[in-house]
*Asks:* 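Provided herewith is a single structure, encoded as structure tokens, for subsequent inquiry.
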Amino acid sequence: MQAQELVLRDVHVPSAPSLWPPAPGWWLLAGAIALAVAIAWWIRRKRRRRLLVWQKLFDDACSDAAPAAQVAAISELLRRAARRVNAKADHLQNEDWLRLLDGQKQKGFSEGAGRLLLEGGYRREVPADDFAAAKALARARFLELMAGQQ
């Protein structure tokens with residue numbers, strides 16, 4: 001055969017791979033991402049439910065009583081919650097107790113409205129403004145202590 005008689009054909013390039021269906025590795029990655037999202041959602045839901053239970057516990061303890069009795073109930077709840085952070089918290093008295101409640105960030109108990117917890121349960125009448133401020137401060141601290149934050 002001579003060069004002039006030779007029939008040459010074009011090179012056939014294979015077609016590009018399709019995007020669907022994805023390779024098995026992509027399916028595994030999608031499954032891992034879906035599992036991680038499901039676990040994060042479950043943990044967040046569990047934390048939210050636990051927070052709602054703690055809020056309800058605090059609100060139920062302070063619901064239908066005189067302010068002095070509510071102060072005593074708040075103090076009892078705080079002592080129970082403080083045991084999560086410090087095992088000897090229920091034995092602390094006076095300023096030591098208030099310093100533990102202050103934690104590391106604030107001074108609301110030792111220098112602010114939270115001082116009502118020391119003698120508020122023994123008073124005949126508790127001022128409404130002082131009680132409202134102390135209750136809000138105690139509720140926030142109760143939730144922190146139940147979450148294990150010092």
*Asks:* Roughly how far apart are Phe142 CZ and Cys62 SG, rounded to 0.5 Å?
*Replies:* 9.0 Å
*Asks:* I would like to know whether Glu95 and Arg115 meet salt bridge (charged side-chain N to carboxylate O under 4.0 Å, His left out); could you show each step before the answer?
*Replies:* CA-CA 9 Å; Glu95 296 301 319; Arg115 292 195 65 81; 2.9 Å; yes
*Asks:* Side chains of Val53 and Arg49: closer than 4.5 Å at any heavy-atom pair?
*Replies:* no
*Asks:* Please identify each residue that fulfils side chain to side chain contact (heavy atoms under 4.5 Å, CB included) with Ala82, with sequence neighbours left out.
*Replies:* Ala89, Trp97, Leu100, Leu145
*Asks:* I would like to know whether Ile74 and Phe58 meet side chain to side chain contact (heavy atoms under 4.5 Å, CB included); could you show each step before the answer?
*Replies:* CA-CA 8 Å; Ile74 288 170; Phe58 187 88; 3.8 Å; yes
*Asks:* Looking at Ala61 and Ala73, what are the two nearest heavy atoms and their distance?
*Replies:* O-CB, 3.6 Å
*Asks:* When you look at Leu101 and Leu117, which way does the side chain to side chain contact (heavy atoms under 4.5 Å, CB included) test go after all the steps?
*Replies:* CA-CA 10 Å; Leu101 288 178; Leu117 293 177; 3.8 Å; yes
*Asks:* Establish whether Trp41 and Ile43 are linked, either directly or via other cluster members, by ILVMFWY side-chain heavy-atom contacts under 4.5 Å.
*Replies:* yes
*Asks:* Go through it in stages, so that I can follow the logic: the residues are Asp96 and Arg99, the test is salt bridge (charged side-chain N to carboxylate O under 4.0 Å, His left out), and I'd like the CA-CA distance, side-chain angles, deciding distance and then a yes or no.
*Replies:* CA-CA 5 Å; Asp96 295 331; Arg99 276 194 297 276; 2.3 Å; yes
*Asks:* Quick one, Gln70 with Phe131, criterion side chain to side chain contact (heavy atoms under 4.5 Å, CB included). Give me CA distance, side-chain angles, the key distance, then yes/no.
*Replies:* CA-CA 9 Å; Gln70 289 184 26; Phe131 174 69; 2.7 Å; yes
*Asks:* Enter the distance from Leu98:CG to Leu78:CG here, rounded to the nearest 0.5 Å.
*Replies:* 10.5 Å
*Asks:* Is there any salt bridge (charged side-chain N to carboxylate O under 4.0 Å, His left out) pair reaching into residues 127-150, and which pairs are they, with sequence neighbours excluded?
*Replies:* Asp59-Arg139, Arg141-Glu144
*Asks:* In Å and rounded to the nearest 0.5 Å, what is the CD1 to CG distance from Ile33 to Leu28?
*Replies:* 11.5 Å
*Asks:* Check the surroundings of atom CZ in Arg83: do more than 12 heavy atoms from other residues, nucleotides or ligands lie under 6.0 Å from it?
*Replies:* no
*Asks:* Transitively linked via ILVMFWY side-chain contacts under 4.5 Å: Leu35 with Trp42?
*Replies:* yes
*Asks:* So how far is it from Arg80 CZ to Leu77 CG, rounded to the nearest 0.5 Å?
*Replies:* 6.5 Å
*Asks:* Say whether, by atom type as modelled, one donor and one acceptor occur between the side chain of Ser63 and the main chain of Asp60 under 3.5 angstrom.
*Replies:* yes
*Asks:* For Leu137 and Gly114, which heavy atoms make the closest approach, and how far apart are they?
*Replies:* CD2-N, 3.8 Å
*Asks:* Just do the side chain to side chain contact (heavy atoms under 4.5 Å, CB included) check on Gln55 and Leu51 with the steps written out, would you?
*Replies:* CA-CA 6 Å; Gln55 288 173 347; Leu51 179 67; 3.8 Å; yes
*Asks:* Going by side-chain heavy atoms closer than 4.5 Å, which hydrophobic residues are tied to Trp27, directly or by a chain of links?
*Replies:* Trp20
*Asks:* Determine whether more than 12 heavy atoms belonging to other residues, nucleotides or ligands lie under 6.0 Å from atom CG of Leu19.
*Replies:* no
